[in-house]
Participant: 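One structure, as structure tokens, below. Some questions next.
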Amino acid sequence: MELTALFAHVQGMTAIAIGVIIGLGALGACLGIAIMGSKFLESAARQPELVPLLQGRMFLLAGLIDAAFIIGLAIALLLAFSNPLIGVLRTASGG
């Protein structure tokens, strides 16, 4: 396979991988926060006196769920702007 075609193939597959990382990460974070919010509302309706305690824990968990998505987003941005796979191809080709 010609070197420029190989570069284009790697960049195309990287773009697909970036879309999958961001898409599935966003979907997982949205579902996680939605389920957590619904469980919070259920428990707050059952025991209203525990709302302050549950609310603090809910916000802590929301931050942790979003942190997992942000880490995936950072990896996707790394692949988008400084793709290590292209660097490997350049050193293998001698250029």
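If you read the sequence from its start, that first residue is 1, and numbering goes on from there.
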Participant: Looking at OG1 of Thr91 and CD1 of Ile86, how far apart are the two atoms once the value is rounded to the nearest 0.5 Å?
Facilitator: 11.0 Å

Participant: Do Val88 and Phe7 share a hydrophobic cluster (ILVMFWY, side-chain heavy atoms under 4.5 Å, transitive)?
Facilitator: no

Participant: Roughly how far, to the nearest 0.5 Å, is CD1 of Ile75 from CD1 of Ile18?
Facilitator: 11.5 Å

Participant: Which heavy atom of Gly72 sits nearest a heavy atom of Ile21, and at what distance?
Facilitator: O-CG2, 3.4 Å

Participant: How far apart are the closest heavy atoms of Asp66 and Ala29, and which atoms are they?
Facilitator: OD1-CB, 4.4 Å

Participant: Would you say Met36 and Lys39 make side-chain contact, with heavy atoms under 4.5 Å?
Facilitator: no

Participant: With a 4.5 Å cut-off on side-chain heavy-atom distances among I, L, V, M, F, W and Y, is there a chain of contacts connecting Leu41 to Val51?
Facilitator: yes

Participant: If you look at every heavy atom in Pro84 and Leu79, which pair is closest and at what distance?
Facilitator: CD-CD2, 4.0 Å

Participant: Minimum heavy-atom separation for Gln55 to Phe40, with atom names?
Facilitator: N-CE1, 3.6 Å

Participant: Within this structure, what is the CG-CD distance for the pair Leu6 and Gln11, rounded to the nearest 0.5 Å?
Facilitator: 10.5 Å

Participant: Please round to the nearest 0.5 Å and tell me the distance separating atom CG of Leu60 and atom CD1 of Ile65.
Facilitator: 10.0 Å

Participant: Nearest 0.5 angstrom please: Phe59 CZ to Leu54 CG, how far?
Facilitator: 11.5 Å

Participant: Looking at every heavy atom in both Ala62 and Ile33, which two are closest together, and how far apart are they?
Facilitator: O-CD1, 4.4 Å

Participant: Out of curiosity, Ile70 CD1 to Leu77 CG, how far, rounded to the nearest 0.5 Å?
Facilitator: 9.5 Å

Participant: Looking at every non-hydrogen atom in both residues, tell me the closest pair between Ile22 and Phe69 and how far apart they are.
Facilitator: O-CE1, 3.7 Å

